[in-house]
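Reviewing the structure listed below.
Note that the structure is predicted; figures quoted are calculated from it, not measured. In what follows, chains carry the letters A, B, and so on, assigned in the order in which the sequence lines appear, proteins first and then strands, with residues in each chain numbered from 1.
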Amino acid sequence: MNCRAEVLEVSVEGRQIEEAMLAVLHTILLHRSTGKFHYKKEGTYSIGTVGTQDIDCDFIDFTYARVSSEELDRALRKAVGEFKDALRCSGSDGIGQISLEFYQKKKSRWPFSDECIPWEVWTIKVNVVNLANEQERQICREKVGEKLCEKIINIVEVMNRHEYLPKMPTQSEVDNVFDTGLKDVQPYLYKISYQITDSLGSSVTTTMRRLIKDTLAL
Amino acid sequence: MDTDLNSQDRKDLDKFIKFFALKTVQVIVQARLGEKICTRSSSSPTGSDWFNLAIKDIPEVTHEAKKALAGQLPAVGRSMCVEISLKTSEGDSMELEIWCLEMNEKCDKEIKVSYTVYNRLSLLLKSLLAITRVTPAYRLSRKQGHEYVILYRIYFGEVQLSGLGEGFQTVRVGTVGTPLGTITLSCAYRINLAFISTRQFERTPPIMGIIIDHFVDRPYPSSSPMHPCNYRTAGEDNGAAYPSVEDSQEVCTTSFSTSPPSQLSSSRLSYQPAALGVGSADMGYPVIFAGGLNAAHPHQLIVPGKEGGVPPVPSQPAHGTQADHERMVMCTPLDGALYSAATPSSSEDTETVSNSSGGKSGSPHDLLETIFVRKVGAFVNKPINQVTMASLDIPFAMFAPKNVELEDNDPMVNPPDSPDVESPLQGSLHSEGSSGSSSGNTHDDFVMVDFKPAFSKDDILPMDLGTFYREFQNPPQLSSLSIDIGAQSMAEDLDSLPEKLAVHEKNVREFDAFVETLQ
């Protein structure tokens, strides 16, 4: 099975990073979350209800709808917060990317650990810009808002292609497909990772590798 | 062919499409109400949430949608359309968007109705939730108020895009294949909005005393009336309206006082819609109050002037007899602010007026400051009435507190040396997100509604900051401020002055040395 990969790019000011990332990630997760499954006898199940709420951004002229789940929001905020801190520490012209990967677990026999097989990966490339004055910031607010509107439309377009989605699992398999740890909603299993590129265009890991190699070469 | 689809599947599919159409209309209209929507997730299925999504049903909207559908379903050549338009207070109107739910002939025979189609329709509704926040009309609808309102109209039949102007753009929300055809949901929206930019609206001078009462005659084959997106009548489903209103109260709002419901509603209605449009619409009531909706509606427009001040608007004829949802009534008095249903507690109106964001907060702010300054400067038990009378020439004077008891109960009273601190704080308390916050007084004239302090997180859970504000909003009077003690200490001070002077004269040399060190 091929993993579906989608890439989005945004240019934002430092203080807009969090909101822009949350807007995109929440929109994706809105489409990739269902209500909690309640399995009944005979292999049938019923599904809980997903609520939504509108969130206004403070630094961007933008509003997005997200799943009403504090736990999910907290998890995303934590990941985005770490990404933002890493991005801002990396240097003034930081470029980074944050990835949201949906995967399925495949149980392996002992002694092998379970495999995580991704089936959809969303990568958001972020370019942090520095602005000189308030007027530029105001323009940036509006521009980033418009850009995010475009990104939402892109996301929705991909979602509605109705391409591969994991089969609805039986009760024993549900934890291999869905994250059943939240109390009010059930997103597909996902993980968030990020990568920071410094201004030289190389990723931090390759720079570190080079440094170590150079040190050893001496 | 239909014979391929068994009767149960066919029935299910028809039901799915019907409820999908109704939910689509709800999502679109609710997204143009001008407020943030918030519904709660529930882990246990309630059985009444179609497509496993918590989408409220505004009864009037469902009624209109059912009326437009008239028992039919979207089919080839018969689309369900929701038209969103803008109407200014001068009567100009413009179509902003047309949302179309169409069906084409491309069938997907293999698809499972009860499972795959249902889930894909659910996904499509989620996409609709996302897309409705993204088109240009969303930001316009969030800023609707007394300068313009957003209206919706539902019709069934051929899609008419001519009203959108040149160069309109289309966004496809999504498609779902079914054995009977492919359902497509899309939006065509106007992009030529330049001449109605909201900035222009802010510069426009306020309209004086205009009531707009429209029956829109559209040259469309199925001419259906326009409905305000911020408007809920007490229609036939009056009874049904309230339960859903209460639901939204439970889910979205933070706190309410224990005021009787009618007072609560009208105090919400008196809220000037801020740019965020939060507040009264949580209750589902119009941000712009339609006066005299129908005779049965409990919340008539009470012109403030009737309380003794200068009547700012001519009295409105009751349009109540025509209870069909065809009106949008706006009332903008002379000084440009919107005075909606006012309760007898006029002091609350001061605050609600000061709620208005944007350019309007200037005058009520000044009024508040004026009152404070006068009270503070006087340092006497000057009746508030006197203050009010003296400041009648100030805008919003008629909303100055008249019946409020003095200082002890008035939470606006500050220590005399920091009036400036209070007013900006008050301003910030009524800033974005605050929806008709009141003094928090336990006095009967004050009704607390949905107090959202500035800089606090806007979420479902009760806010500590709001609780904190509320608890400490009524500090007891400082003892040094009370008149008797003040007078006494003044006399004592005067008596002790000669002694103090003598002491200081003795230390003259020290003082001189000190002064020299400063130079």
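In terms of modelled atom types and a separation under 3.5 Å, the side chain of S41(B) and the main chain of G51(A) share a donor-acceptor contact. Side-chain atoms of K36(B) never come within 3.5 Å of backbone atoms of T63(A) as a donor-acceptor pair (strictly under, hydrogens ignored). Judged by distance alone, with hydrogens and angles left aside, the side-chain atoms of T49(A) form no donor-acceptor pair with the main-chain N or O of L53(B) at under 3.5 Å. Judged purely by atom type and a 3.5 angstrom limit, H162(A) uses its side chain to pair as donor or acceptor with the backbone of T175(B).
Put simply, of M168(A), E146(A), E150(A), the one with the most heavy-atom pairs under 4.5 Å next to chain B is M168(A). By number of non-hydrogen pairs under 4.5 angstrom with chain B, the leading residue of I152(A), D61(A), T27(A) is D61(A).
For F51(B), no part lies near chain A; criterion is any non-hydrogen pair under 4.5 Å. Proximity to chain B involves both the backbone and the side chain of V50(A), based on heavy atoms less than 4.5 angstrom apart. Looking at D73(A), neither its backbone nor its side chain comes within 4.5 Å of chain B, counting heavy atoms on both sides.
Between K126(B) and S33(A) the shortest heavy-atom distance is NZ-O, 2.5 Å. Taking every heavy atom of both residues into account, D56(A) and R142(B) meet most closely at OD2-NH2, 2.8 Å.
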> Between F62(A) and R133(B), does a side-chain contact (heavy atoms from CB on, under 4.5 Å) hold up when you go through it step by step?
Replying inline: CA-CA 8 Å; F62(A) 188 70; R133(B) 275 76 178 154; over 6 Å; no
>> Test salt bridge (charged side-chain N to carboxylate O under 4.0 Å, His left out) on D184(A) and R40(B); report intermediate values, then the result.
In response: CA-CA 9 Å; D184(A) 43 14; R40(B) 196 176 261 170; over 6 Å; no
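The OG atom of S46(A) lies 9.0 Å from the CG atom of N52(B); values are rounded to the nearest 0.5 Å. The CZ atom of R66(A) lies 14.0 Å from the CG atom of L129(B); values are rounded to the nearest 0.5 Å. Separation of atoms CG (D49(B)) and CD1 (I47(A)) is listed at 12.0 Å; rounding is to 0.5 Å. The line from CG of N119(B) to OG1 of T34(A) is 8.5 Å long, rounded to the nearest 0.5 Å.
A donor-acceptor pair shorter than 3.5 Å can be found between the side chains of S127(B) and N160(A). Remark: the S44(B) side chain and the H38(A) side chain contain no N/O donor-acceptor pair separated by less than 3.5 Å.
Here the side chains of D54(A) and Y138(B) are in contact, with some heavy-atom distance below 4.5 Å. Contact check for T39(B) versus Q53(A): no side-chain heavy atoms found under the 4.5 Å cut-off.
Residue K191(A) places its NZ atom among more than 12 non-hydrogen atoms of other residues, nucleotides or ligands, all under 6.0 Å distant.
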